[in-house]
Amino acid sequence: MPINILSLPDKDLQYALKSMDICSLIAFSLCSNRTKSLVTASNRKINPISGDVCKWGIRLAIRPKYLLEFENITDQLFIFLFYSNPLIKIYRGNRFENWKELNLSQSEWFAHLLSIFNESMIYQLEVIEVCPISHLDTIKQFIPRCQTLRIQENCPGEFAKMAFFKLSSIAEKVVVPKNIFDNGNDISKALSLSLKSMSFIDWRNPFKLESSDLLVLNITDLSIRTANITFKELNRFLKLWMKSNHICYRPKRITIGLDVGINPEEVLQGIKYDVVDEDVCRPTAQFMPIPILSLPGKDLQYALNCMDISDLIAFSLCSKRAKNLVKDSNRKIRSIHVNVLENRIRLLIMEWKLVESIYLNLSDFGISKDRGKIWRKQEYTQNDWIAHFLSIFNESMIHVLKIENTSLSYLDTVKQIIPKCRILYICENCSIEVTKMAFLKLSPIAVEKVEVQKNVFDIDNDISKFLSLNLKSVLLYGWNNPLELNSDDLSMSNIADLTIHKAIITERELNRFLKMWMKGNHRFYRPELIKLLLNDGLELNRKEVFKGIKYQIAKDDECVFLLKRKDGKLLMGIMKETFITLLF
């Protein structure tokens with residue numbers, strides 16, 4: 001029986017929105033101003049939106065928050081916007097859909113998507129194909145801002161240059177993995193643009209630089225790998241910079257990779273400098289140490305914003321005030337991952353803003369970085385280190401806990417150190433015993449999802465024991481060793497969202513389960529969604545599955561069916577030869 005979704009009580013309406021996939025949520029948001037506001041207020045978490053510039057238009061990719069690279073690509077949604085055609089194409093799962101007569105221009109589409117997902121800009125715009133030059137201005141109208149603009153290496157030189165000069169102003173960071181400058185096209189023109197961050201990369205064809213190019217530089221953060229510049233020109237640039245005491249020089253950092261070994265004596269000839277570190281030198285005359293905490297509030301905030309993740313963490317360890325300052329700076333990070341390998345814990349902290357990451361090794365002695373430097377805080381235990389990172393980056397929990405392999409006894413230590421995580425991922429290379437114990441011991445701390453990459457269930461190890469755990473979402477893989485299921489396993493499941501790839505279950509057992517559900521009046525059944533992808537060679541026979549069961553088939557799709565119990569509860573499903581999805 002069709003239900004007017006907007007007439008539902010607030011709690012039920014919120015549940016309905018939460019149960020929608022991204023595509024359905026977008027379609028619902030387009031119905032009216034009220035539905036748009038409801039979707040925005042639902043605060044659905046997604047990974048930042050990325051887009052590809054193609055010859056025919058722009059392809060947007062939208063993925064659920066915390067979707068990992070090893071998860072099913074069909075969970076992504078692709079939206080195709082054309083330069084001169086108002087038609088919108090949607091690709092989800094394995095099919096295309098055409099959305100027509102939406103009365104939205106392409107630029108309004110971008111604004112709508114950003115609004116309903118509470119995003120301020122596109123995360124990454126990547127130019128992957130040549131399009132007509134005139135369409136570059138159209139792209140700029142579609143997308144007024146993006147975090148990163150990347151021009152693919154396969155784009156021809158002239159087009160890449162035009163794309164760079166026309167689109168770089170909309171991006172906070174620009175990446176060009178190709179030398180698009182030659183003798184007739186001075187790189188100074190590009191370096192004089194007022195940009196926040198710029199990265200030129202070409203190992204085969206180095207970028208030719210002179211001291212004058214660096215002097216006219218107007219980019220805050222510049223990285224060039226690799227460059228062709230003489231030691232004499234570098235020396236000349238440093239001397240000219242030393243003499244220009246009162247001239248505003250906008251760049252904050254310049255990183256230049258050379259294709260030859262550098263000679264410090266030639267580069268620093270005639271310049272007084274201090275050796276700060278074994279690899280760092282700085283001119284003596286220009287720098288005076290300043291107590292950072294004595295800076296005015298605005299300048300202190302600017303200094304914190306300029307720090308990379310590593311410096312920010314080091315500063316936060318200096319005192320309680322420093323920790324609070326870092327916390328209040330509200331530095332946005334992409335995620336905190338924890339990898340457990342053998343009896344060691346390794347952290348990966350990734351930042352959206354500069355697309356940086358830092359690896360840290362956690363031990364009783366402190367935190368060690370990959371370069372061998374160690375941070376110590378005498379009173380800190382391993383639990384305190386995790387709590388510290390979560391606190392300064394304003395995160396409530398670890399994003400991903402990945403168990404690669406470890407001893408059984410160390411799992412208790414992991415649980416003590418990490419009280420909560422969003423996703424628990426148990427790798428295929430874990431032993432059967434470690435996989436089983438990791439699932440039982442650690443799955444309760446995963447608030448979003450548990451993913452197990454191998455089948456550890458056999459006749460002596462009943463899968464019902466694991467399916468009866470009170471969990472939000474579980475994904476079980478059995479690619480090489482499919483999971484055998486029966487009706488009792490599904491009836492005892494206490495997992496809200498269960499997905500199994502791949503499974504072995506007969507039509508008879510599915511039929512028995514559906515009949516048991518139909519008879520279970522007034523009985524609480526927690527699962528909301530069950531997805532089963534069958535093992536290769538198995539196909540479901542609809543007549544056998546629904547034998548003795550009254551059901552309805554959707555008018556527009558005979559694969560969709562509906563069951564209704566006497567107590568009014570509904571079960572909607574999708575059944576094809578090789579998979580079945582049940583939505584309770």
Closest heavy-atom pair and its distance - Leu25, Leu17
CD1-O, 3.6 Å

Check against salt bridge (charged side-chain N to carboxylate O under 4.0 Å, His left out), Asp221 and Lys196:
CA-CA 6 Å; Asp221 187 340; Lys196 192 171 183 180; over 6 Å; no

Exercise: identify the closest heavy-atom pair between Ile26 and Ile79
CD1-CD1, 4.1 Å

Between Asn455 and Pro482, is there a donor-acceptor pair closer than 3.5 Å when you use the side chain of the first and the backbone of the second?
yes

Walk me through it: do Asp202 and Lys178 pass the test salt bridge (charged side-chain N to carboxylate O under 4.0 Å, His left out)?
CA-CA 5 Å; Asp202 196 328; Lys178 178 180 184 177; over 6 Å; no

Is the shortest heavy-atom distance from the side chain of Lys436 to the side chain of Ser431 under 4.5 Å?
no

Decide salt bridge (charged side-chain N to carboxylate O under 4.0 Å, His left out) for Lys377 and Asp384; before the verdict, give the C-alpha distance in whole Å, the side-chain angles of both, and the deciding distance to 0.1 Å.
CA-CA 10 Å; Lys377 206 164 176 66; Asp384 295 323; over 6 Å; no

Check: Lys415 side chain, Lys441 main-chain N or O, donor-acceptor pair, under 3.5 Å
yes

Supply the atom-to-atom distance His337 NE2 to Leu347 CG, rounded to the nearest 0.5 angstrom.
11.0 Å

Side-chain heavy atoms of Leu476 within contact of Thr499, under 4.5 Å:
no

Residues Arg334 and His399: closest non-hydrogen pair is O-NE2, 4.0 Å

Look at the side chain of Glu451 and the backbone N and O of Tyr425, then say whether any donor-acceptor pair between them is shorter than 3.5 Å.
no

Expected output: side-chain Glu528 to main-chain Asp497 donor-acceptor under 3.5 Å:
no

Can the positive tip of Arg225 be found less than 6.0 Å from the middle of the six-membered ring of Trp203, inside 45° of the ring normal?
no

Measuring from Gln382:CD to Ile345:CD1, what's the distance to the nearest 0.5 Å?
5.5 Å

Would the distance check show the side chain of Arg526 and the main-chain N or O of Leu471 forming a donor-acceptor pair, the cut-off being under 3.5 Å?
yes

Please determine whether a side-chain nitrogen of the Lys or Arg among Arg150 and Glu126 lies less than 4.0 Å from a carboxylate oxygen of the Asp or Glu.
yes

Between Tyr91 and Phe80, ring centroids under 6.0 Å:
no

To the nearest 0.5 angstrom, please state how far the CZ atom of Phe389 sits from the CD1 atom of Ile386.
7.0 Å

Does His501 reach the side chain of Leu475, with side-chain heavy atoms less than 4.5 Å apart?
yes

